[in-house]
Participant: 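This is the structure I have questions about; it appears just below.
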Amino acid sequence: MKVCVCLILFFSLGTAQFDYRDALEKSILFFEGQRSGKLPPNQRLSWRGNSGLQDGSLAKVDLSGGYYDAGDNVKFNFPMAYTTTMLSWNTLEYGKRMGAQLQHARAAIRWATDYFLKCANAAPNKLFVGVGDPNADHKCWERPEDMDTIRSVYYVSPSNPGSDVAGEMAAALAAASLVFRSVDPVYSKKLLGNAVKVFRFAVQYRGSYSDSLGSAACPFYCSYSGYKDELYWGAAWLLRATNDISYLNLINTLGANDVPDLFSWDNKYAGAHVLMSRRSVVGNDNRFDSFKQRAEDFVCKVLPNSPYTSTQYTKGGLLYKLPEENLQYVTSITSLLTTYAKYMATKKHTFNCGSLVVTEKTIRNFAKRQVDYILGNNPMKMSYMVGYGSNYPRRIHHRGSSLPSLAMHPQSFGCEAGFQPFYYTANPNPNILVGAIIGGPNQNDFFPDERTDYSHSEPATYINAAIVGPLAYFDSSRH
């Protein structure tokens with residue numbers, strides 16, 4: 001679809017000032033609402049309780065912990081690992097700017113990596129990649145604390161490979177190892193050792209987990225882009241964590257010369273290009289110049305004024321990729337852009353998209369517009385982050401948020417008992433999932449705030465993980 005030139009003239013509500021520090025704090029707090037397992041004493045979202053304590057028992061292993069991906073009660077390792085990689089990358093890049101939130105970001109990462117370590121070591125020749133039958137779960141509307149659906153256990157193995165989920169878990173463990181390197185070297189070493197092991201498995205037994213798991217993965221988190229991008233991404237992270245050049249050699253055999261115009265839990269190429277471009281832009285290592293070129297080609301496909309843009313925008317100025325959960329693309333792409341702008345700033349680097357000269361400021365202004373749109377500078381004048389500002393979504397598609405907490409209602413709700421009184425009601429959710437960013441408005445900048453409209457009203461861990469960096473970036477640039 002051709003992008004109308006008029007879209008370059010972005011909708012503006014003046015120069016609204018946003019409290020990025022408050023938004024940063026809330027964006028990380030959100031993860032506490034998604035926790036599975038036994039909650040720690042310092043749990044801040046107190047309406048959540050312990051859940052999934054017997055996860056793994058059907059396979060006689062302990063797989064308690066980790067995160068529910070969105071508004072359901074299933075643990076899908078594929079998006080959970082991407083979430084962890086992005087949270088780790090943003091913490092690596094912006095940790096010094098996070099202030100008091102750095103410890104909370106580390107805790108959020110560790111909640112996932114502790115679980116991944118279990119998944120990687122619970123049984124020989126098996127990498128556990130999910131808990132909970134998604135088809136059974138989606139027929140229920142109940143709190144995670146009451147969960148009585150079957151907690152099926154899913155794994156990949158040499159005979160049923162999953163290079164995509166294994167590659168992403170390796171990326172998450174490698175990225176997290178860098179986060180903990182100076183503060184907990186023993187834990188960091190453990191993460192890196194497991195990253196190497198899991199990645200070796202991903203490379204040795206090649207195949208897509210969608211093919212191995214069938215309806216447990218699809219249509220929920222099908223690996224639509226195949227598994228090569230996860231091998232590429234996993235190798236890029238192991239290269240950064242180990243400096244072992246054999247990972248670069250592997251990357252060069254994977255032949256990813258196409259430059260996509262999106263970045264998400266499914267397609268990692270653009271992220272890997274930006275990650276590796278750092279060696280060229282900041283480190284002046286010409287072996288990585290091709291990755292810098294691909295990173296810049298990606299930026300040229302996203303910026304609205306670029307002659308090479310292949311990206312649509314709403315009239316209100318929001319980057320618009322797909323009708324379902326569009327804000328996931330906005331936060332993931334914005335995260336790449338702020339990080340590339342940060343690399344450019346270190347060397348005062350500029351580049352061209354045809355006749356358009358792109359500076360660090362060009363990218364920063366564009367990224368800021370996307371973040372500000374999410375926080376309230378949009379035609380609805382609504383914050384798409386729950387609990388931020390005064391006008392935000394009240395009826396999000398999220399089981400735990402929409403049902404009364406254990407403290408309010410100690411008796412358990414059955415599988416379907418939550419639908420009539422709590423799912424189909426127009427009443428606001430009783431529990432505020434502070435910091436959650438939901439799927440967002442449609443292509444006309446409209447958001448109805450209806451719980452049943454899950455493609456717009458459901459939050460997800462990967463939407464939040466990606467915005468943590470940009471929020472820290474804009475918070476620090478104001479001081």
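Here the structure is a predicted model, which is why all the values come from computation and not from measurement.
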Participant: Determine, for D289 against R279, whether the closest basic-nitrogen to carboxylate-oxygen distance falls under 4.0 angstrom.
Facilitator: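 Salt bridge between D289 and R279, a charged N being under 4.0 Å from a carboxylate O: no.
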
Participant: Which heavy atom of S210 sits nearest to which heavy atom of S223, and what is that distance?
Facilitator: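 What the structure gives for the nearest pair is OG-N, 2.7 Å.
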
Participant: So, Y313 versus Y320, ring centres under 6.0 angstrom or not?
Facilitator: no

Participant: Does a salt bridge link D261 with K321, judged by any charged N lying under 4.0 Å from a carboxylate O?
Facilitator: yes

Participant: Within a reach of under 6.0 Å around NZ of K197, are more than 12 heavy atoms found that belong to other residues, nucleotides or ligands?
Facilitator: yes

Participant: List the steps, then state whether side chain to side chain donor-acceptor pair (under 3.5 Å) holds for T113 with Y187.
Facilitator: CA-CA 10 Å; T113 51; Y187 187 63; 2.7 Å; yes

Participant: Output all residues satisfying side-chain contact (heavy atoms from CB on, under 4.5 Å) with A112, sequence neighbours left out; order by chain, then residue number.
Facilitator: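 For A112, the residues satisfying side-chain contact (heavy atoms from CB on, under 4.5 Å) (neighbours in sequence not counted) are Y67, T84, F116.
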
Participant: What verdict does the side chain to side chain donor-acceptor pair (under 3.5 Å) test give for N77 and Y154, after you've listed the backbone C-alpha separation in whole Å, the side-chain angles of each residue and the deciding distance to 0.1 Å?
Facilitator: CA-CA 10 Å; N77 285 26; Y154 303 100; over 6 Å; no

Participant: Working to the nearest 0.5 angstrom, can you tell me the gap between L24 CG and I28 CD1?
Facilitator: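 That separation rounds to 4.5 Å.
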
Participant: With side-chain contact (heavy atoms from CB on, under 4.5 Å) as the test, would you mind laying out the steps for W47 and L433 before giving the verdict?
Facilitator: CA-CA 9 Å; W47 51 267; L433 184 58; 3.8 Å; yes

Participant: List the steps, then state whether side chain to side chain donor-acceptor pair (under 3.5 Å) holds for S36 with Y68.
Facilitator: CA-CA 6 Å; S36 183; Y68 303 116; 2.9 Å; yes

Participant: For the residue pair H273 and W233, is the inter-centroid distance of their aromatic rings smaller than 6.0 Å?
Facilitator: no

Participant: Tell me, yes or no, whether the heavy-atom count around K118 atom NZ, taken from other residues, nucleotides or ligands under 6.0 Å, exceeds 12.
Facilitator: yes

Participant: Do Y205 and F201 have ring centres separated by under 6.0 Å?
Facilitator: yes

Participant: Do you know which two heavy atoms are closest between T149 and C140, and how far apart they sit?
Facilitator: CG2-SG, 3.4 Å

Participant: Of all the heavy-atom pairs spanning S402 and W141, show the shortest one and how long it is.
Facilitator: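 Looking at all heavy atoms of both residues, the closest pair is OG-NE1, 2.9 Å.
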
Participant: Can you find a pair of side-chain heavy atoms, one from T338 and one from I363, that are under 4.5 Å apart?
Facilitator: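 They are not in contact (no side-chain heavy atoms under 4.5 Å apart), so the answer is no.
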
Participant: Between CE of M276 and OH of Y247, what distance do you get to the nearest 0.5 Å?
Facilitator: 14.0 Å

Participant: Side chain to side chain donor-acceptor pair (under 3.5 Å), that's the test. Do T85 and E168 meet it? Break it down for me.
Facilitator: CA-CA 8 Å; T85 309; E168 185 60 76; 2.7 Å; yes

Participant: S88 versus V179: any side-chain heavy-atom pair under 4.5 Å?
Facilitator: yes

Participant: Under 6.0 Å between the ring centres of F31 and W111?
Facilitator: no

Participant: Pair Y20, L375 - check side-chain contact (heavy atoms from CB on, under 4.5 Å), show working.
Facilitator: CA-CA 9 Å; Y20 300 114; L375 295 181; 4.0 Å; yes

Participant: Any donor-acceptor pair under 3.5 Å linking the side-chain atoms of N121 with those of N194?
Facilitator: yes

Participant: Between atom CG of L213 and atom OH of Y221, what is the distance when rounded to the nearest 0.5 Å?
Facilitator: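 Output value for this atom pair is 14.5 Å.
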
Participant: Do the side chains of M80 and T461 get nearer than 4.5 Å, heavy atoms only?
Facilitator: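 No; the side chains remain at least 4.5 Å from each other.
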
Participant: For the residue pair R48 / N431, report whether a side-chain donor-acceptor contact shorter than 3.5 Å exists.
Facilitator: no

Participant: Indicate whether the side chain of R287 and that of S290 have a donor and an acceptor atom separated by less than 3.5 Å.
Facilitator: no

Participant: With a 4.0 Å cut-off on N to O distance, would you call R399 and E142 a salt bridge?
Facilitator: no

Participant: What's the separation between atom CD1 in I374 and atom OG in S27, rounded to the nearest 0.5 Å?
Facilitator: 11.0 Å

Participant: Check whether any side-chain heavy atom of L471 sits under 4.5 Å from a side-chain heavy atom of Y94, and report yes or no.
Facilitator: no

Participant: What's the verdict on side-chain contact (heavy atoms from CB on, under 4.5 Å) for T309 and K301, showing C-alpha distance, side-chain angles and the deciding distance?
Facilitator: CA-CA 4 Å; T309 192; K301 285 188 169 188; over 6 Å; no

Participant: For Q443, does the CD atom sit with more than 12 other heavy atoms under 6.0 Å from it, leaving out its own atoms?
Facilitator: yes

Participant: Would K292 and Y340 count as a cation-pi pair here, with the cationic atom under 6.0 angstrom from the ring centre and within 45° of the axis?
Facilitator: no

Participant: Do other residues, nucleotides or ligands put more than 12 heavy atoms under 6.0 Å from the CZ atom of F180?
Facilitator: yes

Participant: How about R35 and Q43: does a side-chain donor come under 3.5 Å of a side-chain acceptor?
Facilitator: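 A donor-acceptor contact under 3.5 Å links the two side chains.
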
Participant: What closest approach, in Å, do P158 and N125 show between heavy atoms, and which atom pair accounts for it?
Facilitator: CD-O, 3.4 Å

Participant: Can you see whether Y308 engages D297 through a side-chain donor-acceptor pair at a distance of less than 3.5 angstrom?
Facilitator: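 Short answer, no.
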
Participant: Does the side chain of S335 pick up a donor-acceptor pair with the side chain of N90 at under 3.5 Å?
Facilitator: yes

Participant: Can you name the nearest heavy-atom pair linking S332 to S264, along with the distance?
Facilitator: OG-CA, 4.5 Å

Participant: Against the six-membered ring of Y155, is K126 placed for a cation-pi contact (under 6.0 Å from the centre, within 45° of the normal)?
Facilitator: yes

Participant: Just checking Y82 against F263, ring centres under 6.0 Å apart?
Facilitator: yes

Participant: Under 30°, 30 to 60°, or over 60°: which ring-plane class applies to F18 and Y388, parallel, tilted or perpendicular?
Facilitator: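 Answer is tilted, since the angle falls between 30° and 60°.
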
Participant: Is it true that E32 and K26 have a side-chain N and a carboxylate O under 4.0 angstrom from each other?
Facilitator: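 Salt bridge absent between E32 and K26.
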
Participant: Calculate, to the nearest 0.5 Å, the distance between atoms CE and OG1 belonging to M344 and T362 respectively.
Facilitator: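 Taking CE in M344 and OG1 in T362, the distance rounds to 7.0 Å.
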
Participant: Below 4.5 Å, heavy atoms only, C-beta onward: do F291 and L248 meet side chain to side chain?
Facilitator: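 Yes. Closest side-chain heavy atoms under 4.5 Å.
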
Participant: Tell me, with the steps shown, if R110 and D184 meet salt bridge (Lys or Arg N to Asp or Glu O under 4.0 Å).
Facilitator: CA-CA 11 Å; R110 191 164 186 151; D184 192 341; 3.1 Å; yes

Participant: Which label fits F78 and W265: parallel for a plane angle under 30°, tilted from 30 to 60°, or perpendicular past 60°?
Facilitator: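 It falls in the perpendicular class, over 60°.
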
Participant: Check this for me: does any side-chain nitrogen of one of K75 and D55 sit under 4.0 Å from a carboxylate oxygen of the other?
Facilitator: yes

Participant: Just say parallel, tilted or perpendicular for the rings of W89 and W237, cut-offs at 30° and 60°.
Facilitator: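 It falls in the perpendicular class, over 60°.
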
Participant: Check whether any side-chain N or O of D69 sits under 3.5 Å from a backbone N or O of A460 as a donor-acceptor pair, and report yes or no.
Facilitator: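 Not confirmed, D69 side chain does not pair with A460 backbone.
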
Participant: So do E450 and S457 actually touch side chain to side chain, heavy atoms under 4.5 Å?
Facilitator: no

Participant: Step by step, work out the side-chain contact (heavy atoms from CB on, under 4.5 Å) result for H398 and I396.
Facilitator: CA-CA 6 Å; H398 188 276; I396 66 170; 3.9 Å; yes

Participant: Give the minimum heavy-atom separation between G49 and E145, together with the two atoms involved.
Facilitator: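 Scanning both residues completely, I find the closest heavy atoms to be N-OE2, 2.6 Å.
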
Participant: Are any of the side-chain nitrogens in E360 or R364 under 4.0 Å away from the carboxylate oxygens of its partner?
Facilitator: yes

Participant: Within the structure provided, determine whether N442 and F447 are in side-chain contact (heavy-atom separation under 4.5 Å).
Facilitator: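 Not touching, per the 4.5 Å side-chain cut-off.
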
Participant: For the ring pair Y232 and Y269, is the centre-to-centre distance below 6.0 Å?
Facilitator: yes

Participant: For the atom pair OH (Y227) and OG (S163), what is the distance rounded to the nearest 0.5 Å?
Facilitator: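 So the gap between those two atoms works out to 5.5 Å.
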
